[in-house]
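Everything on this sheet refers to the single structure shown next.
Letters A, B, ... mirror the listed sequences (proteins, then strands); counts begin at 1.
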Number of protein chains: 2
Amino acid sequence: MATLKDVARLAGVSVKTVSNVVNGYSFVKPDNRRRVEEALEATGYRPNLGARNLRRGRTGFIALVLPELSIPYFAELAGLVIAAAQEHEWNVLIEQTFGTLSGERQALASLGPHLVDAAILSPEALQVEDFQLSVPAVLLGEHDVEVPISRVGIDNVAAAMTAVRHLISLGRTRIAAIGAHPQRGTAALRLEGYQAALEEAGLPFVSSLVVPAVNYHRADGAAAMRTLLDLRNPPDAVFCFNDLLAVGAMRTAAERFVRVPHDLAIVGFDNNDESAYSSPSLTSVAPDKAAIARAAVDLLRQRADSPDLALDDVQTPFSLQVRESTVAR
Amino acid sequence: MATLKDVARLAGVSVKTVSNVVNGYSFVKPDNRRRVEEALEATGYRPNLGARNLRRGRTGFIALVLPELSIPYFAELAGLVIAAAQEHEWNVLIEQTFGTLSGERQALASLGPHLVDAAILSPEALQVEDFQLSVPAVLLGEHDVEVPISRVGIDNVAAAMTAVRHLISLGRTRIAAIGAHPQRGTAALRLEGYQAALEEAGLPFVSSLVVPAVNYHRADGAAAMRTLLDLRNPPDAVFCFNDLLAVGAMRTAAERFVRVPHDLAIVGFDNNDESAYSSPSLTSVAPDKAAIARAAVDLLRQRADSPDLALDDVQTPFSLQVRESTVAR
DNA sequence: ATGAAAGCGCTAACAA
DNA sequence: TTGTTAGCGCTTTCAT
């Protein structure tokens, strides 16, 4: 592997001049520039990023800390973050926490400034005291914990209200919710939106129609739906706090021969790619994932350049994708 | 951020001693060890990986080059690779190529030895001449191109035969295939297995039942299925070269009121998580993704340690997950 | 067993 | 405009 020194020797100039050419700096005598460029070409020189970053005091990486890549929402988001980071010459380091407190703590602990320049976090269990980050960071989504970290995400209360209002507009009156979670801030907000929409329409809040979910996987949605269908008075609609739960719920409905949307309308959240292709296809709250990724990376770029910028809270847009699980084709 | 020097000063020893303690090397006088450990604790020292790797001539990263994280198969695989790499103290750098030749070339070009120690590649369009890697690499899956790179993957011909034999055992006789692709090696092998299974059973090969797919997304499967259902003599079964195509095919079947599996049995490939939850659930060839991830990382670890190990070709196991899309519940 | 010092490849301050 | 050189934080001879 050719180094700057090799190139300099070949071109008969100093490393500084080569460095200048490589970095597009200042003014280099045309003659020298040409010889350096030839030497660069001849040696196939490629800068050693490790050395460059050591010198510059940066790493060239940002971390993306998320529960699990096998969860479609995070996989899609990760792809978008990688694309957005590329435009800022950042490589992305993905850390999986599996949604556990210990996993999240471990991931955070590994995020020294020598490893990454900044971090995008999507925590589920972290406590306030854990947020002693040594690099600029941005939180994805809303959380109850009041931590001094910038955030990017949608308005969960409004999004949940939109979903439930849609169900109400369809004439549904016994609307269930799947995904309540005591510790999870996002869940609390979606539940709040659910309640607000019910109240607004003068519908009663029935606590047996609110089913918690420990995890947000398909199996949890399936189990929750079984609970709901076993009720003496089952719901005629259900708002799931993510698409995975909704897919599980639809699966249970199919197994029990409950017709969707005729007997039961279902709305999900996240608008996973797969949701457009299920039968019936799934109505879902669609956050603008590309906007989230872009906003997060932009925010970090600013913070990395000027570390003590004020906290920010970016609200990204969302929409409701209406499909067959609420409106028959 | 505390450096080795800081710790050494605090402990009243040389950096060498501290380095020895940090790296668990040789014998350190108990008294010194204790003082170093206290200083380590007091300063909250964390080694600067960039500097360490610069010195060691390694980067601490491996690249995972894949088409797209939004494709569930790759997302699941990526998660497993990250987990496997962690056990070898490697961080994973994910590069998305979007399956294009230019994307793949660009990704490869960026893989200098100063960026990554090794690479796991999942190419779709690369030509032989592109494989001028400067770091140890492993190819995921089988490819026609004869390149001097180790490979890890399943036996695609055998896997495809297993899938088609299953359909034949169900009494299906007009078995279609979705996903033929002129350039893609994996597609050629799956097609080969499809043909072999038909031949073995004395079934005719009907070329109109083989539908190509430019991409392997859900939309492509849906379109291919429309083509098949428009045939004067449509198939009674279809083998899709991945689960995404199968999901699309199922969607089209539902739209056309074709009953699965009664009128049409469907088998997919990859066993994506989502495939167990569709209605009907999808029968699928299930590669052992964890084994693939582990084998790939292990192989790279060996190659990184002793660069001129012989080429290897690891065959990982697979199974057939039989579900409702072929056998009604 | 431990210290001193060189050097990984690069950038930037300082000289020239 | 370009060369010389120090030094980023670490590991590792080479002494001691």
Side-chain angles (χ1 to χ4, degrees), chain A residues 1-40 43-61 89 110 112-117 134-135 304, chain B residues 1-40 43-61 89 91 112-117 134-135 304:
Chain A
M1 210 58 196
T3 72
L4 264 194
K5 206 150 90 177
D6 299 330
V7 179
R9 197 181 315 117
L10 185 63
V13 298
S14 77
V15 286
K16 177 58 164 46
T17 303
V18 181
S19 176
N20 281 345
V21 171
V22 170
N23 293 291
Y25 278 163
S26 67
F27 298 72
V28 178
K29 216 175 353 193
D31 186 44
N32 277 341
R33 173 178 298 274
R34 191 185 42 72
R35 289 164 56 206
V36 169
E37 276 165 354
E38 281 172 15
L40 246 20
T43 54
Y45 171 79
R46 315 255 306 140
N48 180 317
L49 271 359
R52 170 180 289 175
N53 290 330
L54 173 62
R55 180 60 237 229
R56 283 190 180 160
R58 69 188 296 264
T59 70
F61 291 95
E89 299 192 292
S110 78
H114 38 264
L115 218 213
V116 297
D117 298 326
S134 49
V135 295
Chain B
M1 209 57 196
T3 73
L4 266 195
K5 205 150 84 176
D6 299 331
V7 179
R9 195 180 319 114
L10 186 62
V13 298
S14 78
V15 285
K16 175 60 164 47
T17 304
V18 181
S19 176
N20 281 345
V21 172
V22 169
N23 293 291
Y25 279 162
S26 69
F27 299 71
V28 178
K29 208 161 23 180
D31 185 44
N32 277 341
R33 174 177 298 274
R34 193 184 41 74
R35 288 163 58 204
V36 168
E37 277 166 353
E38 280 172 14
L40 246 21
T43 55
Y45 172 80
R46 316 256 306 139
N48 180 319
L49 271 358
R52 169 181 290 177
N53 290 330
L54 173 62
R55 180 61 237 233
R56 284 189 180 160
R58 70 189 293 267
T59 72
F61 291 95
E89 298 193 292
N91 277 114
H114 36 265
L115 217 213
V116 295
D117 298 325
S134 49
V135 294

- Distance-only, no hydrogens or angles: does the B/H114 side chain make a donor-acceptor pair with backbone N or O of A/G50 under 3.5 Å? no

- Identify the two heavy atoms, one from A/Y45 and one from A/V22, that lie closest to each other, and give their separation to 0.1 Å. CE2-CG2, 4.0 Å

Which residues pass the side chain to side chain contact (heavy atoms under 4.5 Å, CB included) test with [X], not counting sequence neighbours?
X	value
A/E37	A/V21, A/R33
A/L10	A/A39, A/A42, A/T43
B/L54	A/N48, A/A51, A/L54

- Item | Sequence neighbours excluded - salt bridge (charged side-chain N to carboxylate O under 4.0 Å, His left out) pairs with any residue from residues 49-61 of chain B | B/R58-B/D117

- Is the closest side-chain heavy-atom distance between A/V28 and A/V36 below 4.5 Å? no

- Query: Nucleotide by nucleotide, 5' to 3', does protein get under 4.0 Å of the base (B), only the sugar-phosphate (S), or neither (-) in nucleotides 3-10 of chain D, counting heavy atoms?
  - Reply: BBBBBBBB

- Task: Mind checking salt bridge (charged side-chain N to carboxylate O under 4.0 Å, His left out) for B/R46 and listing every partner two or more places apart, or none if nothing turns up?
- Result: none

- Message: Please report the distance, rounded to the nearest Å, between CZ in B/R9 and P in C/dT2.
- Response: 20 Å

- Separation of C/dG9 atom P from A/R58 atom CZ, nearest Å, is 20 Å

- Item | Five-pair end axes of the helix from C/dA1-D/dT16 to C/dA16-D/dT1 and the angle they enclose, rounded to 10° | 40°

